[in-house]
Protein chains: 2
Amino acid sequence: MALIGQQNMSTKDLKRVSGSEAVELPEGERPTLKTIAFMAGLGVTTVSRALKDAPEIGRATKNRVQLIAKQIGYRPNRAGVRLRTGKTNVISLVLNAQSEIMGLTSNMVYGISEILSQTPYHLTVTPYSVENDPMQPIRYIVETGSADGIIMSRTEPDDARVRYLTEHGIPFATHGRTEMGIEHPFHDFDNEAFAYKSTKSLLIKGHKKIAMVAGPTSAVTYHRHLDRGFSRAIEEGGAQAILVPDIDVDTSLECIRDRMEEIMSGRNRPDGIVCCSGSAAIALVAGIEAAGLKIGRDVDLVSKQSTDILKWFRPEIIVFNEDIRHAGRELARAVLRRIEGVDARELQSLSYPEE
Amino acid sequence: MALIGQQNMSTKDLKRVSGSEAVELPEGERPTLKTIAFMAGLGVTTVSRALKDAPEIGRATKNRVQLIAKQIGYRPNRAGVRLRTGKTNVISLVLNAQSEIMGLTSNMVYGISEILSQTPYHLTVTPYSVENDPMQPIRYIVETGSADGIIMSRTEPDDARVRYLTEHGIPFATHGRTEMGIEHPFHDFDNEAFAYKSTKSLLIKGHKKIAMVAGPTSAVTYHRHLDRGFSRAIEEGGAQAILVPDIDVDTSLECIRDRMEEIMSGRNRPDGIVCCSGSAAIALVAGIEAAGLKIGRDVDLVSKQSTDILKWFRPEIIVFNEDIRHAGRELARAVLRRIEGVDARELQSLSYPEE
DNA sequence: CTCCCAGTCTGAAACGTTACAGGTAGGCTA
DNA sequence: TAGCCTACCTGTAACGTTTCAGACTGGGAG
């Protein structure tokens, strides 16, 4: 551990500008406020203020300083700013490191980055393993002050993280909604609308026995929305809902397939299925086909997908798309504006299923 | 907290306490070296050194200081360390923000995080858009000193980023190899072995006209390896290589399918195909089936995959697995050890195709 | 002529850390 | 007894930034 700092390309012995004029030109080293101050013949304070357009600095001076800064490619030292102000200029994406088949995480990351790339913010990713407490990374970030804002997913109706962050006044945005009477920034896909529309589309095709996967077993909020939309459509259509028990967002694909085969081999099998994730749909299909049935003939399947894969898999599947990259953009925008102090209620958005 | 009263024995300690600073008890604020120094009745310098087990600090003192630090949950302030030492404790993952169907990026991120979670390092992700210069994020990181080490992918035989980082002495590790006479840390999947083995397996099945997708059109190094393994196996087996021109790592799936359909409808169509990515395989299958052929009957397909999806898609596809999460772990380990000063040649690893 | 004010600019201090150059006490050598 | 060494510990300065409390103009008011 004594070795760690050693890579740090030494030769730091540069003549320092102390009180008098030890001439230091923009050689090798990164320019700082001091460099600009020296070049402009001003004090560091003035330069600092000039660069942020403070009103007590003359127009001419500001222009001059800003010109120099641009010319020599000045970039504020993040450590300096952070130490002095506590502002990290970091947004942390907290997610669970579950293996996933589709590029869900990637698209979220890319969406967020798209927004952050036009700001001084950096993005750090903090996964937590499935067996760990989801609160742990959150606590770490808050206790060490290592980010100005947090984006997280797998939001639950009563979410301990939301409560904790709200109590501590840390800006955050969630992918998904809560139901705990706390107003906070979020972005969510309207899963109720999806479930409703997709169930409807099955009803219109004349199906009468409809199943939804995965059901409301899970702790995650959006399953409640799915259930709501599903139940509403079922009721309106006077159809029968077939239950698919014990499947949630973490159920393995193998398990989904087996469960599905079982159900599709039973005598009360559904003629229409609503599925809420692309990967689950793939397992469903395997189960259905293992039961000797065929999508689009014996049973219709409508699924949400966050990546355009199902059309390659079985073109017969009816798909609705959830744009995760867009979610990433929305969440990034929300958390940034929250940091600026915008009211949480203005930072809540939904996106709607598109066929 | 429990240790507050613990001002033990000596009388001379008191002079420090009453001597200069205002008495500042461990309030809501985060503890710093000063807090510990006050509690232990020592100087900040001593505490700093005691915490890193410096030899010039007495055993007893070290134990005492470390105990206090643990008790009050002391965490070094990253900004302080970074400002003073230049060490950021950040690893940056630089990747291109191409949409991807499989969870390639995610698994890389998770693999890296697995390693970093046991260290003080954080992971930042810096995507660059496809139309941008790949050098841009690299330059940014180096110029602003915003990471201690870099991990990057899409490595090319003559890679400008590798040259630049080597010249600047910045630790990095690449996913994939270069061919430019510069020794640097890398992890790579042995694509030559994969191409050789998979082509062999087709030869053994009696196939005589074999195609490989994607071909060596791409700038990325690993296509050369694929080509080498493929050619070697073809030569040994006295088979015929069917060319699939103009397909590279960035070709859209639609385009791959169309090209494939065309080729499979031609009169000199292959009876065996080697494919180097799961998503390309999906498009290939579509093309093959559009030509009215069937995998496993008219043509055999062997593909690499980085996520276990092909078995769901067409179980007839013969698969080899590339473990991206493992690659992430290897790369993280490599860049960390490089930061510690380990020779680059000791930080080069390959992983081998597994069926 | 003085006084005050607005408009500009400034040095010092502080954030938390580590490197440097000592300092002190006690014991051992000569 | 003086001198020196070892084992521990210490204060100060510095990293780059922002905030605080001035300080210096020139000019207008009294």
Side-chain angles (χ1 to χ4, degrees), chain A residues 1-2 4-6 8 10 12-19 29-38 40-65 69 74-89 120 144-146, chain B residues 10 12-13 15-17 19-22 24 29-38 40-65 69 74-89 120 144-146:
Chain A
M1 36 212 81
I4 285 184
Q6 188 230 27
N8 207 8
S10 45
K12 262 289 199 179
D13 48 1
L14 181 122
K15 287 167 214 155
R16 284 279 129 238
V17 184
S18 35
E29 296 299 314
R30 254 182 86 191
T32 70
L33 290 181
K34 195 143 75 176
T35 318
I36 303 180
F38 175 69
L42 292 169
V44 220
T45 307
T46 313
V47 173
S48 172
R49 306 177 97 123
L51 286 179
K52 37 177 62 69
D53 255 324
E56 60 266 54
I57 305 295
R59 194 53 285 153
T61 309
K62 283 198 245 185
N63 290 340
R64 201 156 58 88
V65 168
Y74 168 76
R75 312 263 203 161
N77 179 307
R78 313 191 111 230
V81 176
R82 181 163 171 178
L83 181 56
R84 176 65 233 236
T85 65
K87 183 136 209 297
T88 61
N89 282 304
T144 63
S146 56
Chain B
S10 77
K12 67 169 187 177
D13 287 324
K15 89 169 185 227
R16 287 229 26 68
V17 176
S20 41
E21 306 306 320
E24 169 199 357
E29 294 301 309
R30 253 181 87 190
T32 70
L33 289 182
K34 196 146 74 178
T35 318
I36 303 180
F38 174 69
L42 293 169
V44 228
T45 307
T46 311
V47 174
S48 172
R49 305 177 97 118
L51 287 178
K52 38 178 63 71
D53 255 321
E56 60 267 53
I57 305 294
R59 194 58 277 159
T61 307
K62 283 198 249 188
N63 289 340
R64 200 156 59 91
V65 168
Y74 167 76
R75 313 262 204 162
N77 179 306
R78 313 191 112 229
V81 176
R82 179 162 171 179
L83 182 56
R84 176 65 234 237
T85 65
K87 184 133 207 292
T88 62
N89 282 305
T144 62
S146 56

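The chains referred to below are lettered A, B, ... by the order of the sequence lines, with proteins before strands, and numbering in each begins at 1.
Between dT18(C), dT10(C), dT8(C), one nucleotide has an atom nearer to the side chain of T45(A) than all others, and that is dT10(C). Here dT10(D) is the nucleotide among dC9(C), dT10(D), dC20(D) with the atom lying nearest to any side-chain atom of T46(B). Of the candidates dG16(C), dT17(D), dC9(C), the closest approach to any side-chain atom of N77(B) belongs to dG16(C). Relative to the side chain of V81(A), the nucleotides dC9(D), dT18(D), dG16(D) differ in distance, and dT18(D) lies closest. Of the listed nucleotides (dG16(C), dT18(C), dT17(D)), dT18(C) has the atom at the smallest distance from the side chain of S48(B). Picking from dC15(D), dC20(C), dT17(D) the nucleotide with the shortest atom distance to the side chain of K34(A) gives dC15(D). Looking at the side chain of T32(B), the nearest of the listed nucleotides dG16(D), dC9(D), dG16(C) is dG16(C). For R49(B), the side-chain atoms get nearest to dT10(D) when compared with the rest of dC15(C), dC8(D), dT10(D). Considering only the side chain of L83(A), dC15(C) comes nearest among dT17(D), dC15(C), dT18(C).
Heavy atoms of G80(B) sit under 4.0 angstrom from at least one base atom.
Annotation: side chain of N89(B) is not in contact with side chain of R82(B) (no heavy-atom distance under 4.5 Å). Put simply, the side chain of T35(B) does not reach to within 4.5 Å of the side chain of Y74(B), judged on heavy atoms. The shortest side-chain heavy-atom distance between V65(A) and I57(A) does not fall under the 4.5 Å cut-off. At least one side-chain heavy atom of L33(B) sits under 4.5 Å from a side-chain heavy atom of L51(B). Side-chain contact check for K62(A) versus D53(A): some heavy-atom pair is nearer than 4.5 Å.
For the pair L42(B) CG and dG23(C) P, the computed distance is 20 Å after rounding to whole Å. At whole-Å resolution of the value, CD in E56(B) and C1' in dC8(D) are 9 Å apart. The interatomic distance linking F38(A) (CZ) with dC9(C) (C1') rounds to 19 Å, in whole Å. Residue N89(B) contributes atom CG, which lies 18 Å from atom P of dG16(C) at whole-angstrom precision. For the pair I36(B) CD1 and dT10(D) P, the computed distance is 14 Å after rounding to whole Å. Computed from coordinates, the K87(B) NZ to dG16(D) C1' distance equals 20 Å when rounded to whole Å. As a whole-Å value, the separation of I57(A) CD1 from dT19(D) C1' is 13 Å. In this structure, L33(A) atom CG and dT19(D) atom P are separated by 12 Å, rounded to whole Å.
The phosphate of dC8(D) has neither OP1 nor OP2 within less than 4.0 Å of any side-chain N or O from K62(B).
Position along DNA chain D of the nearest nucleotide to R84(B) versus G58(B) favours G58(B) as the more 5'-ward residue.
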